[in-house]
*Asks:* 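Can you read through this structure? Questions will come right after.
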Amino acid sequence: MLTAGPKGTNDILPGEIEKWHYIEQHIRNICTQYGFSEIRTPIFEHTELFKRGVGDTTDVVEKEMYTFQDKGGRDVSLRPEQTACVARAYVEHKLYAQPQPVKVFYIGPMFRYANVQAGRYRQFHQFGIEVLGSKDPVVDAEVITMAMDFYGRLGLRDLELHINSVGCPQCRPLHRQKLHDFLAGNVDKLCKQCQSRFSRNPMRILDCKESECQDVSHGAPTTTDCLCDECADHFAKVKKFLDQAGIKYIVNNRLVRGLDYYTNTAFEIMASDIGAQSSIGGGGRYDGLIEQVGAPQPTPGIGFALGIERIIATMERQNIEFPGPLKYDVFIAALGEPARETAFKLLYNIRAAGLTADMDVMGRGLKAQMKYANKFATRFALILGDEELSKGVAVIRDMKAAAQEEVPLEKVLEYLRNGQ
RNA sequence: GUGGCUGUAGUCAAGCGGUUAAGACACAGGAUUGUGGCUCCUGCACUCGUGGGUUCGAUUCCCAUCAGCCACCCCA
């Protein structure tokens, strides 16, 4: 029990963490270029925030939240996503009083209590951005473009970008009604699952892989068929801007996102390399959310969230190279206590000079120390024994060239520096 | 929440109702004096996820539980 972490959580160990650092570095680079600043919000929030923001009938809120009471009796939840948190922070700190739009990004753990499978964990990590304050379709295109640019720079291939417009609170009910009417006569022909979807969420029927269901839903009204003029115009412009940027996309009229706050543009990026959980990122516009969370005036917003575990999994499947493990510039093999004292002082100075260095702390013999140094792809081994000490030198061995020479102790630092 | 598969050392694993649980990699030590990557030798599971049960006897069979993997739902 105590020797295993909770289900669905992962330790990120040396050897793995380098991948995370690499991706985080990419995130910070690209966000800076696109004009986004980082925002850090709490890991937990009032449960009410997610109920109001994400929607209390969504699966995420209804059955996947880690919710508990703190010792003061407050109802709090570990965040299942961060958009609602950002919206809250925007309102709380009156960021609407700053130059608009506000562009922020976040990286951090999210928590959802769902069964674990390939690419899905209970604690997982998302990188996301939010643009708050503009409803210009060019922002929709910018956000989507940035996501694709991000994947592209990491070297990911064969991704599919699906986009759709789910309309606004005016046109969405119309679509639902039309869809309902369209399917109503053939409910009994649908698979068992879809029969239950019919009343709950008829849009998902369009997604079903069963051939009967596909037959029944063939020609069904799509969300884009039912858009009001304003939403249709918005969507058309988003596509036009994407075309301008040369971003390839698939208009997927069946794309529906599971969080209630989405309006107009919705998109999802799919990779086929990680099992059934093929979505490696998604997002959309949420023009009603920020008001829902208490903004004094209508505030549009749009953003995306990308799953870091899924990105890493996809990169691994595609054999994309990550930076290698820790390497030493210098390893000091010291023999005997007097040599160790000198070695320790040397080590300090070598590190202070900016090199990556270490020395033996296992009491190993010379041979074993050399072996150890070799395992860390060490550039130089510095050998220091009684013999060298009495001569006031150290043997510096270039591990790759398998050549070595004696260097006076006071010149060691200079020698190593020049060796770089 | 539902369903399927799995659980032997750090990793990959063989095994099987019955004396000392293969092997490989990794790790550690060694192969005449103080030198790595190759080779060779040695060491490394009182025990087969955990708890019960069946049995003369279980790592091998059964049940439960926990964990891992996979799928549905949903999502990143």
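Chain letters run A, B, ... following the sequence lines, proteins first, then strands; residues in each count from 1.
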*Asks:* Please tell me whether A/Phe376 and A/Phe331 form a close aromatic pair, meaning their ring centres lie under 6.0 Å apart.
*Replies:*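 A/Phe376 vs A/Phe331: aromatic centres not under 6.0 Å.
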
*Asks:* If we call it a pair only when both distances are under 3.5 Å in a Watson-Crick or G-U wobble match, what pairs with B/C38?
*Replies:*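 Across all strands, not a single nucleotide pairs with B/C38.
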
*Asks:* For the rings on A/Phe380 and A/Tyr328, is their centre-to-centre separation under 6.0 Å?
*Replies:*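 A/Phe380 vs A/Tyr328: aromatic centres not under 6.0 Å.
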
*Asks:* Run the salt-bridge test on A/Asp149 and A/Arg153 with the 4.0 Å N-O cut-off and return the result as yes or no.
*Replies:*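 Salt bridge present between A/Asp149 and A/Arg153.
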
*Asks:* Under 3.5 Å for both donor-acceptor distances, Watson-Crick or wobble: does B/U65 have a partner, and if so which one?
*Replies:*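 Pairing partner: B/G49.
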
*Asks:* In whole angstrom, give me the gap between the C1' atoms of B/G7 and B/A14.
*Replies:*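 After rounding to an integer number of Å, I get 16 Å for this pair.
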
*Asks:* Count the heavy atoms belonging to other residues, nucleotides or ligands that lie under 6.0 Å from NZ of A/Lys51, then report whether that count exceeds 12.
*Replies:*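 Counting other residues, nucleotides and ligands, NZ of A/Lys51 stays at 12 neighbours or fewer.
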
*Asks:* A/Glu64 has an atom CD; how far is it from atom C1' of B/U2, in whole Å?
*Replies:*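 Going from CD in A/Glu64 over to C1' in B/U2 covers 14 Å.
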
*Asks:* Just to be sure I understand the rule, does A/Gly8 reach a base, reach only the sugar-phosphate, or reach nothing, if contact means heavy atoms closer than 4.0 Å?
*Replies:*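 Sugar-phosphate: the residue A/Gly8, judged by heavy atoms under 4.0 Å, touches backbone atoms but no base.
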
*Asks:* How far does the C1' atom of B/G68 sit from the matching atom of B/G53, given to the nearest Å?
*Replies:*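 These two C1' atoms come out 25 Å apart once rounded.
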
*Asks:* When the P atoms of B/A45 and B/U11 are compared, how many Å lie between them, rounded to an integer?
*Replies:*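 Looking at atom P only, B/U11 and B/A45 are 15 Å apart.
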
*Asks:* Under a 3.5 Å cut-off for both contacts, is B/A9 paired Watson-Crick or G-U wobble with anything, and if yes, with which nucleotide?
*Replies:*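 Across any shown strand, B/A9 pairs with none.
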
*Asks:* Within the supplied structure, the quantity of interest is the number of heavy atoms (other residues, nucleotides, ligands) at a distance under 6.0 Å from A/Arg340 CZ; does it exceed 12?
*Replies:*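 At most 12 heavy atoms, drawn from other residues, nucleotides or ligands, come within 6.0 Å of this atom.
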
*Asks:* If you measure from the C1' atom in B/G23 to the same atom in B/C74, how many Å do you get, rounded?
*Replies:*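 These two C1' atoms come out 44 Å apart once rounded.
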
*Asks:* Determine the Euclidean distance between corresponding P atoms of B/G10 and B/U6; express it in Å to zero decimal places.
*Replies:*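 My reading of the P atoms in B/U6 and B/G10 gives 23 Å.
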
*Asks:* How long is the line joining CE of A/Met270 and P of B/C74, in whole Å?
*Replies:*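 That distance rounds to 13 Å.
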
*Asks:* Using the P atom as the reference point in each nucleotide, state the distance between B/C44 and B/G29 in Å, no decimals.
*Replies:*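 Approximately 16 Å lies between the P atom of B/C44 and that of B/G29.
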
*Asks:* Does OH in A/Tyr348 sit with more than 12 non-hydrogen atoms of other residues, nucleotides or ligands closer than 6.0 Å?
*Replies:*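 No, OH of A/Tyr348 has 12 or fewer neighbouring heavy atoms, counting only those of other groups under 6.0 Å.
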
*Asks:* Could you verify whether a donor N or O on one side chain and an acceptor N or O on the other, from A/Tyr286 and A/Glu130, lie under 3.5 Å apart?
*Replies:*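 A donor-acceptor contact under 3.5 Å links the two side chains.
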
*Asks:* Quick one, give me the B/S/- string for nucleotides 33-43 of chain B, reading 5' to 3', where B means a protein heavy atom under 4.0 Å from the base and S means that only happens at the primed atoms, P, OP1 or OP2.
*Replies:* -BBBB------

*Asks:* Can you tell me how far C1' in B/A9 sits from the matching atom in B/C73, rounded to whole Å?
*Replies:*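 Between the two C1' atoms, the distance is 38 Å.
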
*Asks:* In terms of heavy-atom contacts, does NE2 of A/His46 have more than 12 from other residues, nucleotides or ligands at under 6.0 Å?
*Replies:*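 Open.
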
*Asks:* Round to the nearest Å and state the distance from A/Met362 atom CE to B/C27 atom C1'.
*Replies:*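 Computing the A/Met362:CE to B/C27:C1' distance gives 11 Å.
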
*Asks:* Which one is paired to B/C72, where only Watson-Crick or G-U wobble pairs with both distances under 3.5 angstrom count?
*Replies:*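 With both distances under 3.5 Å, B/C72 matches B/G1.
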
*Asks:* Are there over 12 heavy-atom neighbours, none belonging to A/Arg40, within less than 6.0 Å of that residue's CZ?
*Replies:*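 Check fails, neighbour count at 12 or below.
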
*Asks:* Which part of the nucleic acid, if any, lies within reach of A/Ala373 when heavy atoms closer than 4.0 Å are counted: base, sugar-phosphate only, or nothing?
*Replies:*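 Touches nothing.
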
*Asks:* For B/A22, what is the paired nucleotide under Watson-Crick or G-U wobble rules, both distances under 3.5 Å?
*Replies:*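 For B/A22, the partner nucleotide comes out as none, under the 3.5 Å rule.
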
*Asks:* Evaluate the side-chain proximity of A/Tyr151 to A/Thr314: yes if any heavy-atom separation is below 4.5 Å, no if none is.
*Replies:*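 Not touching, per the 4.5 Å side-chain cut-off.
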
*Asks:* What is the distance from CG of A/Asp11 to P of B/G68, rounded to the nearest Å?
*Replies:*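 Those two atoms, CG and P, are 11 Å apart.
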
*Asks:* Taking the C1' atom of each, how far is B/A58 from B/G18, in whole Å?
*Replies:*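 The same atom, C1', in both gives a distance of 9 Å.
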
*Asks:* Mind running a 4.0 Å heavy-atom check of residues 101-132 of chain A against RNA chain B and sending the residues that fall below it, in number order?
*Replies:*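 The stretch gives A/Arg112, A/Asn115, A/Val116, A/Gln117, A/Ala118, A/Gly119, A/Arg120, A/Tyr121, A/Phe124, A/Gln126 as the residues lying under 4.0 Å from the strand, ordered by number.
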
*Asks:* Is the ring centre of A/Phe150 less than 6.0 Å from the ring centre of A/Phe127?
*Replies:*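 Ring centres of A/Phe127 and A/Phe150 closer than 6.0 Å.
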
*Asks:* Taking the six-membered ring for Trp, are A/Phe68 and A/Phe44 parallel (under 30°), tilted (30 to 60°) or perpendicular (over 60°)?
*Replies:*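 Plane angle between 30° and 60°, so tilted.
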
*Asks:* Could you go through nucleotides 9-13 of chain B and list every protein N or O atom that sits under 3.5 Å from one of its N or O atoms, giving the distance for each pair?
*Replies:*
none

*Asks:* Output the rounded distance in Å from CZ (A/Phe304) to P (B/A76).
*Replies:*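 Distance, rounded to whole Å: 13 Å.
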
*Asks:* So, are A/Lys19 and A/Glu16 salt-bridged, with charged N and O less than 4.0 Å apart?
*Replies:*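 Salt bridge: yes.
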
